[in-house]
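What follows is one structure encoded as structure tokens, with my remarks underneath.
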Amino acid sequence: MSQIEPENLGSLATLHSDGIRRVLTLDSAGDEGHAERVLKALDSSNRIRILRYLTTRNASVNEIAGALDLPLSTAALHIETLEEAGLIQTELEPASRGLRKMCARMYDTIVLDLPRSSPTPRTPMIELHMPIGAYSDCRVTTTCGLSSEHGLIGMVDDPATFYEPERVHAQLIWFRSGWLEYHFPNRLPAGAKPEALTLSMEICSEAPHYNLDWPSDVTLWVNGVEIGTWISPADFGGEQGHLTPEWWTPNNTQYGLLKLWHIDGEGAKIDGMRMSEVVISELHLSEAPYIAVRIGIKPDARHVGGINLFGSKFGNYPQDLVLRVSYHRSGEQSL
């Protein structure tokens, strides 16, 4: 389990005033007891109502009971359960008659990391994380722009902005057509034979503001080999992304879809669906000190609907680009 500095959140008075979105990540393979307490605490409509009520305020047990029309004893039991799970923090403060218990919500987002099978010694894997602003080259056309979690980078609709040094801090990148290319360091050991490559990203189309019916033909290339094209259905908005900063106006793009591209010895897939006949050997992964990944819109695409690419602090998923390559060593047989 990992979480963002819960012990350093400060007093209840600061929990809703610092503008930080707090994320709790539960590792189901780690502290299973804590994950179970959190999931059980969330398995109640009244406890969800309490967390929603505490979104922008701190409140006493009496205030919560009154606002949600709950018996005081029921509200107190729900608050105790949420406190035991670490989802709220309480403090006693002086009142006109004795003390009252004040409550504050600890997190804005909860992410559950589901169990994943671990690579065996016979099928080792390298995993590389690339910030979306750390691209090595680009060609983009308007509309286009970049933003960090704190504000816009450079000028909107100015392709020259994509060469600003501050681009490395980008958490949202958008463009109507063109491409971005990333060079992942090639950490395959000498003599390794790649078996599969996967690439995950949060991505969607790019429309003016947002549009829930805006298809875009998004193509992936690896080491110059065209892997295939996925049709993004929309530019998503209308409700705030879990990680999207509050200053980002709600009439703009808010989040994307988490897509997983996979290439192995049998072909290429996206989210398990067959995409093309390209196999891992065609990528020649062992022949250069980097693995080139290009994401873009082809000039002859049927749907030129642009791209929004999300970093770990924008959208719905706390990740950047993630590249994994599984391999086996020379002389070993794959499982």
Side-chain angles (χ1 to χ4, degrees), residues 4 16 18-25 42 48 51-52 54-56 105 107-113 129-133 135 140-157 161-162 166-167 169-178 180 199-218 230-260 270-271 295-297 303-322:
I4 296 181
H16 296 298
D18 57 13
I20 298 173
R21 293 187 65 83
R22 297 178 176 85
V23 179
L24 171 65
T25 300
L42 296 174
I48 295 295
L51 291 173
R52 186 178 295 119
L54 295 173
T55 298
T56 58
R105 196 175 81 177
Y107 301 100
D108 301 296
T109 299
I110 298 174
V111 178
L112 177 63
D113 187 8
H129 295 248
M130 181 72 72
I132 64 168
Y135 48 85
V140 301
T141 65
T142 58
T143 57
C144 62
L146 304 93
S147 179
S148 72
E149 71 270 33
H150 303 299
L152 293 171
I153 297 172
M155 302 289 291
V156 173
D157 291 341
T161 292
F162 279 65
E166 290 78 15
R167 71 181 187 272
H169 303 299
Q171 292 295 322
L172 176 65
I173 299 176
W174 67 96
F175 55 94
R176 183 62 185 274
S177 64
L180 301 175
L199 177 71
S200 64
M201 68 187 76
E202 183 177 356
I203 192 170
C204 71
S205 310
E206 160 57 14
H209 301 298
Y210 71 89
N211 190 321
L212 300 182
D213 183 15
W214 192 266
S216 184
D217 295 347
V218 179
W230 163 67
I231 303 177
S232 171
D235 181 356
F236 297 98
E239 61 179 84
Q240 187 176 22
H242 295 312
L243 301 170
T244 301
E246 293 183 1
W247 64 264
W248 184 254
T249 55
N251 62 325
N252 287 325
T253 303
Q254 292 292 319
Y255 57 90
L257 300 174
L258 189 65
K259 307 305 294 183
L260 180 68
I270 184 165
D271 296 337
I295 307 158
I297 310 293
H303 304 106
V304 182
I307 287 175
N308 273 284
L309 190 61
F310 299 80
S312 60
K313 299 178 181 178
F314 237 98
N316 279 348
Y317 301 93
Q319 71 159 67
D320 295 301
L321 301 177
V322 181

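Residue numbers count from 1 along this sequence.
For His150, the side-chain contact (heavy atoms from CB on, under 4.5 Å) test picks out Ser148, with sequence neighbours left out. With sequence neighbours left out, Leu260 forms a side-chain contact (heavy atoms from CB on, under 4.5 Å) with Thr198, Ser200, Asp271. Annotation: side-chain hydrogen bond (donor to acceptor under 3.5 Å, both in side chains) contacts of Ser232 (sequence neighbours excluded): Ser205. Applying the side-chain contact (heavy atoms from CB on, under 4.5 Å) test to Asn316 and every residue at least two apart in sequence or in another chain returns Glu202, His242, Tyr255.
For Tyr107 against Val23, the heavy-atom pair with the smallest separation is CD2-C, 3.9 Å. Nearest approach of Asn252 to Tyr210, heavy atoms of both residues: O-CD2, 4.2 Å. A pairwise comparison of heavy atoms in Phe162 and Cys144 identifies CE1-CB, 3.7 Å as the closest pair. Val304 and Ser177 get closest at one heavy-atom pair: CG1-CB, 4.0 Å. Nearest heavy-atom pair across Trp248 and Thr253 is NE1-O, 2.7 Å. Minimum heavy-atom separation, Asp235 to Cys204: OD1-SG, 3.8 Å.
The shortest side-chain heavy-atom distance between Gln171 and Ser147 does not fall under the 4.5 Å cut-off. Contact annotation: the side chain of Leu321 approaches that of Leu309 to within less than 4.5 Å [non-hydrogen atoms, C-beta and beyond].
Separation of atoms CD1 (Ile132) and CG (Leu180) is listed at 8.5 Å; rounding is to 0.5 Å. Taken to the nearest 0.5 Å, the CZ atom of Arg105 stands 9.0 Å off from the OG1 atom of Thr56. Here Leu51 contributes atom CG and Ile110 contributes atom CD1; the two are 7.0 Å apart, rounded to the nearest 0.5 Å. To the nearest 0.5 Å, the span separating CZ on Phe236 from CG on Leu212 amounts to 7.0 Å. Taken to the nearest 0.5 Å, the OG1 atom of Thr109 stands 5.5 Å off from the CG atom of Leu243. One finds the CD1 atom of Ile48 at 5.0 Å from the CG atom of Leu42 (value rounded to the nearest 0.5 Å).
Residue pairs satisfying the salt bridge (charged side-chain N to carboxylate O under 4.0 Å, His left out) criterion with at least one member in residues 307-320, sequence neighbours excluded, are listed as follows: Glu149-Lys313. Residue pairs meeting the salt bridge (charged side-chain N to carboxylate O under 4.0 Å, His left out) criterion with at least one member in residues 205-215, sequence neighbours excluded, do not occur.
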List the steps, then state whether side-chain contact (heavy atoms from CB on, under 4.5 Å) holds for Ile297 with Val218. CA-CA 5 Å; Ile297 310 293; Val218 179; 4.2 Å; yes

Report the C-alpha separation of Ile173 and Val140 in whole Å, then their side-chain angles, then the decisive distance to 0.1 Å, and conclude whether the side-chain contact (heavy atoms from CB on, under 4.5 Å) test is met. CA-CA 11 Å; Ile173 299 176; Val140 301; over 6 Å; no

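For the side-chain contact (heavy atoms from CB on, under 4.5 Å) criterion with Leu257, the lone passing option out of Trp230, Tyr317, Phe310 is Trp230.
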